[in-house]
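These notes concern the structure reproduced below.
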2 protein chains.
Amino acid sequence: MPNHTPRPGSPVRGSKTGKPIMALFDLLGRSWALGIIWQLSQQPMTFRHLQESCESVSPSVLNRRIKELRESGLLERGDAGYQLSDTGQELFQLLAPLGNWSTHWAGLQVENTTEPTSNNT
Amino acid sequence: MPNHTPRPGSPVRGSKTGKPIMALFDLLGRSWALGIIWQLSQQPMTFRHLQESCESVSPSVLNRRIKELRESGLLERGDAGYQLSDTGQELFQLLAPLGNWSTHWAGLQVENTTEPTSNNT
DNA sequence: GAAATTGCTATCATTTGTGTAGCAATAGCG
DNA sequence: CGCTATTGCTACACAAATGATAGCAATTTC
C-alpha cells in the first residue's frame with residue numbers, strides 16, 4: 001500500500017520535511033483533487049454524479065481521492081452525498097479566486113498561442 | 001510524446017472541455033508544480049538551486065515542470081536564473097494565503113490524529 | 001588547460017492514473 | 001416476493017507520470 005494521504009508533519013511524495021504547505025501541495029497536486037473540491041463547492045453530490053461532473057474520472061482514482069480528502073478532513077459524507085467539510089469550505093474560499101484568474105490567464109495564453117502560420121482561430 | 005502542457009481551451013489530462021480552471025488545475029496538479037512556484041516566489045534561482053530547494057526533485061521532472069510553466073507563461077529565465085513572470089506572480093498572490101492556512105489545517109490534523117479512545121488519563 | 005558549476009538528457013524501475021467490467025447493497029415497483 | 005435500476009465501489013490490464021541515478025556539453029574560474 002504505497003499510497004497514503006499526505007499529512008502535515010509526515011513525509012509525503014517526495015517531501016521529507018512534511019512542512020504543512022508541502023503536504024497540502026502534495027494532497028492537492030494529485031489528479032482531480034482540485035477538481036473534486038471545485039465541483040463539490042457547488043453542491044453535495046453522489047459518487048456517480050461527482051464522477052460525471054469530473055468528466056468521467058475513473059472510479060478507482062475518484063475513490064482514492066475521496067478517501068484522501070476525507071482523511072484530510074476536507075470532505076465528508078452527508079445526506080445528499082459527498083460534500084465539503086467546514087475545513088474544505090475554508091480551503092475553497094482561498095481557491096475560489098483562481099476561477100476568475102484562470103480565465104484572465106486563458107486570455108493571455110490565447111495571445112501567445114495565435115499561430116503566425118496557418119491556423120484559423 | 002504524450003506529455004504536454006495543459007492550456008486553457010485545449011483538452012488536458014482527463015479534461016476534454018479545456019475549461020480554463022480545469023487546465024489550470026491540471027497544470028498545478030502535477031508533482032512539484034505548486035512547490036516550484038512557491039520556491040520561486042521567494043527569489044530567482046538556478047536550475048540546481050531550485051532542485052535542491054525542492055528537496056532534490058529529479059532533474060527530469062524539474063525540467064518538465066519548468067518547460068510547462070514557461071509555456072504557460074508563469075515563469076521565465078532572468079539574469080539570476082529562473083523566476084516567476086508577472087503572470088506567475090499574480091498567481092502566487094492568489095496562492096500565498098495557502099501558506100498560513102496550511103498551518104491552521106495542520107493544527108486540525110494533529111487534533112484528529114490524537115487517539116480518541118485514550119482520553120481517560 | 002584542468003577543475004568546477006550549470007543546465008540539461010538518457011535510461012529504467014516504480015508509482016499513479018485510465019478504461020472497462022462487474023459485483024454487492026439498497027431502493028422502488030407490481 | 002421477484003424484477004429492475006441505481007449507487008458505491010473493487011478488480012483488473014494497460015498507459016502515463018514520476019523517481020533515481022548517471023553522465024555529458026557548455027560555460028565559468030582559476
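All values derive from a computational prediction rather than experimental measurement. Chain naming here is simple, since letters A, B, ... match the order of the sequence lines and numbering starts at 1 in each.
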From [atom1] of [X] over to [atom2] of [N], roughly how many Å is that when rounded to an integer?
X	N	atom1	atom2	value
B:Lys67	D:dA17	NZ	P	13 Å
B:Leu27	D:dA17	CG	C1'	15 Å
B:Leu62	D:dA17	CG	P	17 Å
A:Glu68	C:dT15	CD	P	15 Å

* Asked: Would you say the base of D:dA20 and the side-chain of B:Ser56 have a donor-acceptor pair closer than 3.5 Å?
  ->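 In this structure, the two groups form no donor-acceptor pair.
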
* Is there a donor N/O on one and an acceptor N/O on the other, under 3.5 Å, for the side chain of A:Ser60 and the base of C:dG17? ->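 No such pair is found, so the answer is no.
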
* Hey, what do you get for CD (A:Gln109) to OG (B:Ser72), rounding to the nearest 0.5 Å? ->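 Answer rounded to 0.5 Å: 5.5 Å.
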
* Would B:Glu68 and B:Arg30 pass as an ion pair if we require N to O under 4.0 Å? ->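 Judged by the 4.0 Å cut-off on N to carboxylate O distance, B:Glu68 and B:Arg30 do form a salt bridge.
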
Can you name the atoms? Protein N/O to nucleotides 23-28 of chain D N/O, anything below 3.5 Å, with the distance.
none

* Taking B:Arg65 for its side chain and B:Ser31 for its backbone only, find out whether a donor-acceptor pair lies under 3.5 Å. =>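 Yes; at least one donor-acceptor contact below 3.5 Å.
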
* Closest listed nucleotide, where the reference is the side chain of A:Tyr82 and the choices are C:dT18, D:dG19, D:dC9 ->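 Closest of the options to the side chain of A:Tyr82: D:dC9.
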
* Output the single nucleotide from D:dT18, D:dC9, C:dT9 whose closest atom is nearest the side chain of A:Asn63. =>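 Nearest listed nucleotide: D:dC9.
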
* To do: Look at all strands and tell whether A:Thr46 reaches a base, only sugar-phosphate, or nothing, counting heavy atoms closer than 4.0 Å.
  =>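 Sugar-phosphate, no base atom in range.
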
N/O (side chain, [X]) to phosphate O (OP1/OP2, [N]) under 4.0 Å:
X	N	value
A:Arg65	C:dG17	yes
B:Ser31	D:dG19	yes
A:Arg77	D:dC9	yes
A:Arg64	C:dG17	yes

* **Closest non-hydrogen atom pair between B:Ile36 and B:Cys54, with its separation** =>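 Reported closest heavy-atom pair: CG1-SG, 4.1 Å.
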
* Is there a side-chain contact (heavy atoms from CB on, under 4.5 Å) between A:Leu40 and A:Met45 once you walk through the steps? -> CA-CA 7 Å; A:Leu40 285 184; A:Met45 282 185 232; 4.1 Å; yes

* **Listed once per pair and sorted, the side-chain hydrogen bond (donor to acceptor under 3.5 Å, both in side chains) pairs that draw on residues 84-94 of chain B, sequence neighbours left out** =>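 Residue pairs passing side-chain hydrogen bond (donor to acceptor under 3.5 Å, both in side chains), neighbours aside: A:Trp101-B:Glu90, A:His104-B:Glu90.
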
* Determine which pairs satisfy side-chain hydrogen bond (donor to acceptor under 3.5 Å, both in side chains) with at least one residue from residues 33-51 of chain A, sequence neighbours left out, and list them in order. =>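 Non-adjacent pairs meeting side-chain hydrogen bond (donor to acceptor under 3.5 Å, both in side chains): zero.
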
